[in-house]
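Encoded as C-alpha cells, the structure appears first; notes follow it.
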Amino acid sequence: MSLVVQKYGGSSVADAESVKRVARRIVDTRKQGHDVCVVVSAMGDTTDDLIELAEQVSPLPPGRELDMLLTAGERISMAVLAMAIAALGQEARSFTGSQAGVITDSVHGKARIIDVTPGRIRAALDEGHIAIVAGFQGVSQDTKDITTLGRGGSDTTAVALAAALGADVCEIYTDVDGIFTADPRIVPSAQQIARISSEEMLEMAASGAKVLHLRCVEYARRFSLPVHVRSSFSHREGTWVTDQPAPEAVEGAGVEQPIISGVAHDRSEAKITVVGVPDKPGKAAEIFQVVAAAEINLDMIVQNVSAAVSGLTDISFTLPKTDGQTAMNALNRAQEQIGFESLRYDDQIGKVSLIGAGMRSHPGVSAQMFAALAEAGINIEMISTSEIRLSLVTRAERLDDAVRAIHTAFGLDSAAGEAVVYGGTGR
Ligand code: ASP
Ligand code: MG
C-alpha cells in the first residue's frame, strides 16, 4: 500500500457534477488500496470572483483581510468534496491549511511555507479516512494569521504535504493532459511532453507557464519528489516532472534529449523605467534596495548606456503587475534621495521564453529565435538569458504571435491533431 497525494485544480471541481466526478476518482484510488490525501483548489473562478468582490468595497484591500476572504474559496471546495465522497460510502475529512499544519511566514498574498506538521492528516489516514486539505493557504508562525501562498499556490500545498507525509508520488490533476511544448490555448498544435527535468520545469514555471506553481517545482526538486501532471477529465498518462532517467534511457535505447523543451509566455508583468539616473556607483543599489524593501521580486533588469554629455542613464526592470503601484509609490518617495529624473510605467508588455537543457551545448538558438520574430515583424524590447532559457519582452498585443512563431521555428508543432483543453479559462 502506498500513499498518494492528489491535487485537483479549480476547473476540475468547477461545479457539483465535476465535484462528484472527482470524488469517484478519489474513491477509486482508495479502493485500489492506497492511502489518499487530496488537496483541492477553489471551485472554478471563485478566487477571481472573491478578488473582484474585495475590490468593489475597497481600492486597496488590507492583505490580512484579503487572505481571510480568499481562503474561503478552498474551504467551500474541501467541504463539498468531502460530502461527495461520503455520499459514495467512503469516510472523508476536510482540513483547512492551518489544521493540516501548513505553517508559513507572514507575507500576506505570497506567503512561503516554512514548515509542515501534518499530524492531523496522518491520524486521519491511519484511521482509514481520505484526507481533504484546502490548498493555497496556511497560518503564519509569528502572527497566527491566515495566509495565502500566491495565485496557483495549491500545487505547492500538495507537494509540500506529499514531502512531509513521505508520499510516493504527487499527482497534480488539471484541465489539460499534462505539460505541453506551449500553452495549448494559444498553440493548438502544441505537443505533450512525456518527461521533463525539474530544472527545465523550474524555468518554464518561472517564465509564466501556469500549469505548475513555481514554488511547487522548487519543493519537488528539493525533496526529489516525482510529480505527475495529468488531466482529471481523462485517464491518459500525463507528464512526469522528475530527475530520474526515463526507463527507456536506462535500458540503453539511447533516447536523445531534445534541445528545446518548450515555449512559455507571461502577460502578468509590467515594466518600470527609471529615467535619468546619475551614472555613479551605488545608484542601482539604491533603486533596488527601495524595491526590495517593498517585498517585490524583480524579473529582468536592463541598464542603458549612459549619454556621455549628461552622465545620466536609464534603468528598466520588469515586475509583477500586481506590485506595480507599490513599486511606483516607493520609488516616487525616494526620488529626491536617489536623484533620478522621472519614472515611466508600462503594463502593455508580454514575455516569451524558450526553454531547453540542450541549449547549453547548441550554438545558434538565439539567432534562430530572433530570426523567427523578425520574420513575424515583432519588435524585441528586452532580453534576458540563463544557461537553459532565452526570454524576450514584446508588446502585449503581439505576444501570442511571438509564441506561435517561435514554436513553429523550433519544429515543435505536432503533426497529429490538436491538444485537448478540457475546461477552464486558463486564468
Ligand atoms: N484558488 C487559488 C487560485 O486561483 C489557488 C489555486 O488555484 O491553486 O490562485
Ligand atoms: Mg493551477
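In each ligand, atom 1 is the first atom listed, and ligand 1 is the first ligand listed. Quick note: numbers below take in every heavy atom, side chains included, and nothing from hydrogens, waters or symmetry partners.
The pair Arg398-Asp401 meets the salt-bridge criterion, with a side-chain N (NZ, NE, NH1 or NH2) lying under 4.0 Å from an Asp/Glu carboxylate O.
In Ser41, the part holding a heavy atom less than 4.0 Å from any atom of ligand 1 is the side chain. In His213, neither the side chain nor the backbone holds a heavy atom less than 4.0 Å from any atom of ligand 1.
Summarising the contacts of atom 9 (O) of ligand 1 with Ser154, Gly44, Gly152, Gly153, the nearest heavy atom is found in Gly152.
For the pair Thr47 and ligand 1, the shortest N or O to N or O distance falls below 3.5 Å. Ligand 1 has a nitrogen or oxygen under 3.5 angstrom from a nitrogen or oxygen of Arg151.
A side chain to side chain contact (heavy atoms under 4.5 Å, CB included) with Ile383 holds for exactly one of Val302, Val393, Leu392; it is Leu392.
Among residues two or more places apart in sequence or in another chain, the side-chain contact (heavy atoms from CB on, under 4.5 Å) test is passed with Glu397 by Arg395. Residues forming a side-chain contact (heavy atoms from CB on, under 4.5 Å) with Ala194 (at least two apart in sequence, or on another chain): none.
Note that the OG1 atom of Thr385 and the CD1 atom of Ile388 stand 11.5 Å from one another [nearest 0.5 Å].
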